[in-house]
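Worksheet: the structure to be examined is printed underneath.
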Amino acid sequence: MAPADAPDRRDARAMPTIRERRTDLLVAAGTAVIALGLLLGLPPLDALDSDTAGAAGTGPAFPAVGGRAWTLLAVTLLVQSALLLGARRAPRPVLLAVGALPILLALVSTSTAFGLTALPVVVAVVLAALRVPLPRLWPTVAGSAVLVAVGTGTTWAVTSGAMRSGVLVGLGASVGQGVLQAVGAVGLPLVVTLIVRSRRELRAARRAESDARTAAADARSAEAAALAREQDARVEAAVSRERAAMARELHDIAAHHLSGIALMSAVVDRQIDTDPDSAHEGVRQVREQSTAVLEDLRRLVGLLRDDAPAETAVETVAGIVDLVEHARNRTAVALTVQPGDHPLADGIGPLTQLVAYRTVQEALANVALHAAGAPCTVTVDDRDPDHLTVRVENGAPAAPSVGSSPAGGNGLRGMRERAELVGARLQVGPSADGGWTVQLEAAREARPDADTSARAPEVAG
């Protein structure tokens, strides 16, 4: 079955709504009112015409109101109009039935008003053409045209007396009259309806195309907005990462150097009267720490500015030795290096070595702030072939904390963020003797074995 048949089957089988039923009733009632109105109004108008009313041998042009011929014609028109109620669900059978009823009328009665039966046929053709595709409708239309032509030709041959001039002449005239009536009642309404239907479908197609274009434009706009939001989110994430990195760097600089400056300033304040030489040494150390702070800040600002050259210094695990040496100016720190059978920090990437350096730096700054006077040990264990361990341990504080912030927490958070950045393992917590332990384990990078083929086992065969 052709795909175009689907709308017809759906319309024919679907249950009509209340609005559709009301429309069908109005169409049937309107057809009946117009047909009966013409049937009632034409006889009086015909009686007023003096040329046709008394023509010899022809009798009245239209049946008298209430007579047998008039009643049969009126009943036929009513039945035809009633059949139009089913045109929505069964348009083709209704069209054939409406076209066949005039033939039954012609068999039992003839009337010069027989042409009024073409009005319901016109309405049935219009309704069928609106609901059924033409490839499926044309056999029904052809059958209906034949029925109209037969009924009209039969009635016209009887009422006009065409057979008196000869059978062939009368038959030809009757067929011509029937074909003319079929063209007017079936052909012309079909053509007009198809034109109207095609224009309606064209408008619907244009409307659908316009809606599709609008939907596509809306989709493109939504996609562009989504891409813009995604780009904004990426920018915000990048800015957040950069801000976190700058915050860590600033905290490392401030916590390491400024905490030492604060401690040494407190010591100088106590020694300035009792031990001037030691106080002078402390002032020199404060100056060195202040210079180091300025250099670190200048380097950080150079990294942030586009128009200034940046001087970068990459800290390594080996730099922990100098870091511990400077920290001894503030507190007692012992350094233990446990080397392996390879160079120190071999296989540890530069970023991971910077994280290890910053972790020790932050831990020593915390010892100076929160565990003043407590013994401290920095251990660099490089014996394991898989990872490097850096540990900072201090005992219980022997004096109150100096220069601690009520907020706190940024140093430990920075340690965790740096460790997560390189995939290292960080352990921070109190020890059994009341002190504190910070331990970082960093895995070594996998390196290809230069002599793998020499040590690979041979494969038989």
Side-chain angles (χ1 to χ4, degrees), residues 241 244-257 259-260 292-293 295-296 299-300 303 311-331 333-371 375-394 409-431 435-447:
R241 289 194 298 269
M246 288 188 291
R248 286 194 298 267
E249 291 296 329
L250 288 174
H251 181 270
D252 291 340
I253 294 172
H256 177 64
H257 295 294
S259 61
V293 170
E295 291 178 354
D296 289 341
R299 183 170 63 251
L300 181 60
L303 290 174
E311 298 179 0
T312 59
V314 179
E315 307 294 352
T316 62
V317 173
I320 295 178
V321 177
D322 295 335
L323 188 63
V324 172
E325 188 65 27
H326 286 88
R328 285 172 178 166
N329 296 325
R330 295 173 289 176
T331 184
V333 182
L335 175 64
T336 302
V337 179
Q338 299 174 341
D341 56 354
H342 49 261
L344 183 64
D346 184 49
I348 303 298
L351 183 58
T352 305
Q353 292 198 40
L354 175 61
V355 170
Y357 181 91
R358 293 299 189 191
T359 300
V360 174
Q361 185 183 51
E362 177 64 26
L364 292 177
N366 289 338
V367 171
L369 287 174
H370 305 293
C376 179
T377 302
V378 177
T379 303
V380 180
D381 188 355
D382 198 28
R383 296 172 297 176
D384 195 291
D386 296 329
H387 61 268
L388 169 72
T389 301
V390 177
R391 182 169 55 255
V392 179
E393 299 175 291
N394 64 274
N410 290 327
L412 296 180
R413 184 171 63 182
M415 289 184 189
R416 294 189 181 95
E417 291 176 353
R418 290 181 183 276
E420 292 175 358
L421 182 63
V422 297
R425 180 183 179 187
L426 179 68
Q427 293 180 344
V428 179
S431 57
W436 196 263
T437 302
V438 177
Q439 179 173 311
L440 178 73
E441 292 184 3
R444 302 183 193 275
E445 297 179 355
R447 293 189 176 186

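Since the structure is predicted, the reported quantities are computational estimates derived from the model, not experimental observations.
- Within the 4.5 Å cutoff, the side chain of Pro430 has no heavy atoms near those of the Thr437 side chain.
- Of the inter-residue distances, the one linking Leu388 atom CG with Leu344 atom CG reads 7.5 Å to the nearest 0.5 angstrom.
- Atom-to-atom distance recorded for Glu441:CD and His387:NE2 is 4.5 Å, nearest 0.5 angstrom.
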One pair to check against side chain to side chain contact (heavy atoms under 4.5 Å, CB included): Val360 and Arg391. What are the steps and the verdict?
CA-CA 8 Å; Val360 174; Arg391 182 169 55 255; over 6 Å; no
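- Note on Arg418 versus Glu420: no salt bridge recorded, every NZ/NE/NH1/NH2 to OD/OE distance being 4.0 Å or above.
- Looking at every heavy atom in both residues, Leu440 comes nearest to Ala356 through CD2-CA, 3.7 Å.
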For side chain to side chain contact (heavy atoms under 4.5 Å, CB included), just list the numbers for Val378 and Thr336, CA-CA rounded to whole Å, side-chain angles, deciding distance to a tenth of an Å, and then say yes or no.
CA-CA 6 Å; Val378 177; Thr336 302; over 6 Å; no
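- For the residue pair His342 and Arg383, no side-chain donor N or O sits within less than 3.5 Å of a side-chain acceptor on the partner.
- Across every non-hydrogen atom of Ala424 and Ala442, the tightest pair is CB-CA, 4.2 Å.
- Smallest separation of non-hydrogen atoms from Tyr357 and Leu323: OH-CD1, 3.7 Å.
- Considering all non-hydrogen atoms of both residues, His326 and Asp322 come closest at ND1-O, 2.8 Å.
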Under the side chain to side chain contact (heavy atoms under 4.5 Å, CB included) rule, what do Val355 and Leu421 come out as? Steps first, then yes or no, please.
CA-CA 9 Å; Val355 170; Leu421 182 63; 5.6 Å; no
Step by step, would you call Ile348 with Arg444 a side chain to side chain contact (heavy atoms under 4.5 Å, CB included)?
CA-CA 5 Å; Ile348 303 298; Arg444 302 183 193 275; 3.7 Å; yes
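- Taking every heavy atom of both residues into account, Val428 and Trp436 meet most closely at CG1-NE1, 3.3 Å.
- Side-chain atoms of Gln353 come within 3.5 Å of backbone N or O of Val317 as a donor-acceptor pair.
- Here the CZ-CG distance, from Arg416 to Leu426, works out to 6.5 Å after rounding to the nearest 0.5 Å.
- Annotation for Arg425: atom CZ does not count as buried by contact number, only 12 or fewer foreign heavy atoms lying within 6.0 Å.
- A donor-acceptor pair shorter than 3.5 Å cannot be found between the side chains of His370 and Asn394.
- Between Val333 and Arg328, the shortest heavy-atom contact is O-NE, 2.9 Å.
- Side-chain contact check for Leu364 versus Cys376: some heavy-atom pair is nearer than 4.5 Å.
- Looking at heavy atoms from C-beta onward, Ile320 lies out of side-chain contact with Val337 at the 4.5 angstrom threshold.
- Counting only distance, with no hydrogens or angles, the side chain of Asp382 and the backbone of Ala345 share a donor-acceptor pair below 3.5 Å.
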